[in-house]
Amino acid sequence: MVFYAHLLQEVLDSPTIVVMTDRIDLDDQLYTQFARCAGFLRQTPVQAESKEHLKSLLDGREANGIIFTTMFKFGRGEKPLSERRNIVVMADEAHRSQYGLNERVVTETNELGLPEARVVVGNALIIREALPKATFIGFTGTPIAVKDRNTREIFGDYIDIYDMTQAVEDGATRPVYYESRVVQLKLDKDTLDMIDHTYDVLEQQSDTFTIEKSKKMLGQMESVLGAESTIDSLVEDILHHYETYRANLLTGKAMIVAYSRSIAMKIYHKILELRPEYQEKIGVVMTGGNNDPEEWKKIIGTKAHKEELARKFKDNNDPMKIAIVVDMWLTGFDVPSLATMYVYKPMHGYNLMQAIARVNRVFEDKEGGLIVDYVGIASALKAAMREYTARDRQKYGDMDIAKVAYPKFREKLQVCKDLFHGFDYRSFIGGTPLQMAKVISKGANFILDPKVKDRKDLFLKEAMLMKQAQSLCSSMLTSLERHEAALMEVVRSTVAKLTMGGKGGKVLSLNEINAEISELLKASIQSDGVVSLFDGKEQGEAVSLFDPEVLEEISKMKEKNVVVEMLHKLMLEQISIYKNTNVVQSQKFSEKITKLMNAYYNGLITNQEVIDELIKAAKDIADLRKQGKDLGLSEEEMAFYDALTKPENIKDFYENKELVELTRELTEMLRKNRTIDWQKKETARAGMRKMVKRLLKKYHYPPEGMDDAISIVINQCELWTDYVA
């Protein structure tokens with residue numbers, strides 16, 4: 001909307017832009033956003049405070065202006081507020097409250113029982129009478145076309161469509177899936193028929209008679225859905241579903257949509273009755289009333305209390321995990337990690353689509369949002385999808401996990417099992433912790449076999465797809481499927497960490513690598529009954545893989561492919577550290593490891609030969625650290641010492657104490673003259689090179705005929721300045 005307003009100013013002659021909404025909080029939100037962009041828009045927006053203020057802002061205005069108002073500040077008057085043609089009205093949430101281009105006569109019964117007739121004027125007509133020559137543009141995520149409310153009839157045909165399919169493809173949102181658990185409530189057929197009929201009535205509230213009929217029906221719904229036995233069944237099933245399948249997914253945030261305020265309270269009390277420890281885990285978010293019981297008022301709280309609940313629910317680390325809502329938070333409230341919504345309220349049309357969009361936000365590796373339905377909203381979902389694009393209807397017209405996610409999970413599980421062909425993992429199912437740990441180590445070793453090309457990459461891809469599908473349909477899995485999927489996931493995670501890094505391919509730190517490898521190592525060692533290596537260590541403490549004892553134990557592991565990858569990972573991390581600080585050692589180890597692993601992956605050397613060489617390299621690193629300590633040099637100083645001593649036979653020309661002294665003076669000089677300009681200005685870098693050369697000359701370095709040695713030292717100095725400065 002901001003960019004559209006900016007473009008209007010370029011193509012129209014001093015237009016006046018009226019941004020119109022139907023809610024005060026939305027008006028405030030949009031006004032604040034536009035105010036932040038005042039420089040970009042080249043004028044400061046103004047917010048109408050009343051009908052009179054809006055009239056003064058528009059009446060007689062000849063040009064420019066960005067005016068914010070709610071639609072209810074327009075009123076019927078004797079003359080229009082403005083008849084200019086270059087006024088553009090931007091209506092947000094254009095599917096709501098924007099209807100009624102004609103006057104209607106409504107007949108009602110007054111307090112004396114006598115009939116009365118009155119004229120009802122729609123909001124659309126009132127606004128267009130006030131601005132008869134203005135142009136109107138509507139913005140909405142949920143256009144509607146029912147009875148006397150048709151978004152396109154009011155605003156014209158679509159200018160641009162950004163549908164769900166495109167949003168998911170762009171990574172702007174995640175798809176939403178649906179799971180029916182109506183049967184868990186044991187509702188009889190008459191009740192289910194009444195719920196279905198309720199949806200039909202809700203869609204036809206166009207006259208007084210139908211509205212009154214719907215109120216009566218909804219009252220019946222309250223008594224049925226609020227029955228004590230039904231609430232008991234509902235809460236027990238929600239707790240089972242949440243704790244078994246959703247609590248440990250992402251951040252465990254979930255929302256329960258209650259039919260009414262009284263039912264929300266019943267759900268809240270029943271949860272605490274069954275789970276007293278959930279006191280900090282749940283909260284009720286709904287409007288309060290003057291006639292509410294005192295007990296309700298304490299739970300609902302003030303506006304500040306609701307704001308605090310919102311802050312807690314948006315905080316991924318806060319203990320509040322479950323929000324019980326009725327109407328609040330169902331529109332315009334975003335918690336990206338929210339992945340589960342339990343629906344115990346008949347909704348339809350745009351209200352339903354906006355509500356379920358609470359779980360479609362992007363967050364880390366969230367596959368999608370799950371709607372758990374207890375009141376049969378499937379038909380309402382399909383009806384609402386009729387207003388969406390053809391490809392949305394084709395792709396998301398059926399969101400049922402039983403038809404979409406579960407078949408996909410079974411397909412991917414079978415692919416993973418096929419990739420394990422030839423490996424016996426039966427002892428993992430129902431085995432002891434020791435047996436299971438052994439299967440995991442051997443399973444990772446099997447997948448990492450370099451002789452079977454592409455198996456590792458294919459397994460990582462298919463196991464991830466299986467995990468994503470499983471996150472949506474966990475409640476439908478058999479016991480065997482759950483165990484098999486658990487094995488595939490832990491092997492996938494192990495292989496990925498050994499070969500790819502952490503989340504998003506991030507390179508793991510040495511501590512993280514050690515921690516991961518320690519777990520594998522423990523499993524392997526325990527399987528052979530050897531645990532002495534870890535005696536005296538705190539639980540969870542990672543062992544140092546540069547410890548000669550640890551390297552010795554690693555070499556004895558039977559899972560040789562795993563050993564290769566864990567040692568390779570360790571060396572890559574060490575090389576990445578050297579790349580930032582030590583030119584000589586990073587180049588030396590990088591060339592050696594690359595050549596070694598290429599030979600291994602191409603089948604030219606065995607995994608045992610690679611292990612021997614990698615362990616030798618790890619010992620070389622340990623020796624380098626020891627050498628630095630023996631010389632009294634820090635790791636930083638050792639980088640310069642390595643650069644100074646790289647040329648062959650250089651030590652034939654100098655006493656070692658001279659090289660150590662030169663190293664320390666060189667390091668100290670760079671520290672004292674360190675400046676950010678070294679990274680940005682070539683003149684500063686040139687000055688640094690001159691200082692280094694003067695110091696080297698002082699020590700008569702390098703010997704005659706070894707001029708290349710200067711460039712090695714200069715490269716190390718430049719690397720140090722880039723990394724440290």
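All residue numbers refer to positions in the sequence shown, counting from 1. Because only heavy atoms are used, hydrogens play no part in the values below, and waters and symmetry mates are left out as well, while side chains stay in. In this text the structure is predicted, and so the values were computed from the model without any measurement.
- Within a 6.0 Å radius of CD in Glu280, no more than 12 heavy atoms belonging to other residues, nucleotides or ligands are found.
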* Check the pair Gln184, His240 against side-chain hydrogen bond (donor to acceptor under 3.5 Å, both in side chains), reporting the backbone distance first and the verdict last. => CA-CA 11 Å; Gln184 309 302 125; His240 168 73; over 6 Å; no

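- At a threshold of 4.5 Å between non-hydrogen side-chain atoms, the residues Glu49 and Leu54 do not count as touching.
- Taking 4.5 Å as the limit, every side-chain heavy atom of Val224 sits out of range of all side-chain heavy atoms of Thr230.
- Nearest heavy-atom pair, Met286 versus Met328, reported as atom, atom and distance to 0.1 Å: C-SD, 3.5 Å.
- Among all heavy-atom pairs drawn from Phe409 and Gln470, the shortest one is CD1-CB, 3.7 Å.
- Heavy atoms of other residues, nucleotides or ligands lying less than 6.0 angstrom from CG of Asp170 number more than 12.
- Between Thr69 and Phe74 the shortest side-chain heavy-atom distance falls below 4.5 Å.
- In terms of heavy atoms, Tyr278 sits closest to Leu272 at C-CD2, 3.8 Å.
- Between Val372 and His241, the shortest heavy-atom distance links the atoms CG2-CE1, 3.7 Å.
- Residues Ile299 and His305 share a closest heavy-atom pair of O-NE2, 3.5 Å.
- Residues Ser260 and Glu222 bring a donor and an acceptor atom of their side chains to less than 3.5 Å of each other.
- Using a 4.0 Å cut-off between a side-chain N of Lys or Arg and a carboxylate O of Asp or Glu, Glu93 and Arg23 do not qualify as a salt bridge.
- Looking at heavy atoms from C-beta onward, Phe155 lies out of side-chain contact with Thr140 at the 4.5 angstrom threshold.
- Annotation: Arg410, atom CZ; neighbour count of heavy atoms from other residues, nucleotides and ligands within 6.0 Å does not exceed 12.
- Between Val2 and Phe34, the closest side-chain pair of non-hydrogen atoms falls below 4.5 Å.
- Ile322 places none of its side-chain heavy atoms less than 4.5 Å from the side chain of Ile238.
- Between Ile231 and Glu228, every side-chain heavy-atom pair lies at or beyond the 4.5 Å cut-off.
- Within 6.0 Å of the CD1 atom in Ile24, the count of heavy atoms belonging to other residues, nucleotides or ligands does not exceed 12.
- Crowding of Asn291 atom CG: a count of heavy atoms from other residues, nucleotides or ligands under 6.0 Å not exceeding 12.
- For Arg358 (side chain) and Phe333 (main-chain N/O), a donor-acceptor pair under 3.5 Å exists by modelled atom type.
- In this structure, the side chains of Tyr4 and Ile137 come closer than 4.5 Å at one or more pairs of heavy atoms.
- Contact detail for Leu472 and Ile401: the closest heavy-atom pair is O-CD1, 3.5 Å.
- Between Asp365 and Gln468, the side chains place no donor N or O within less than 3.5 Å of an acceptor N or O (distance only, hydrogens not considered).
- In this model, a donor atom of one side chain and an acceptor atom of the other lie less than 3.5 Å apart for Tyr406 and Glu481.
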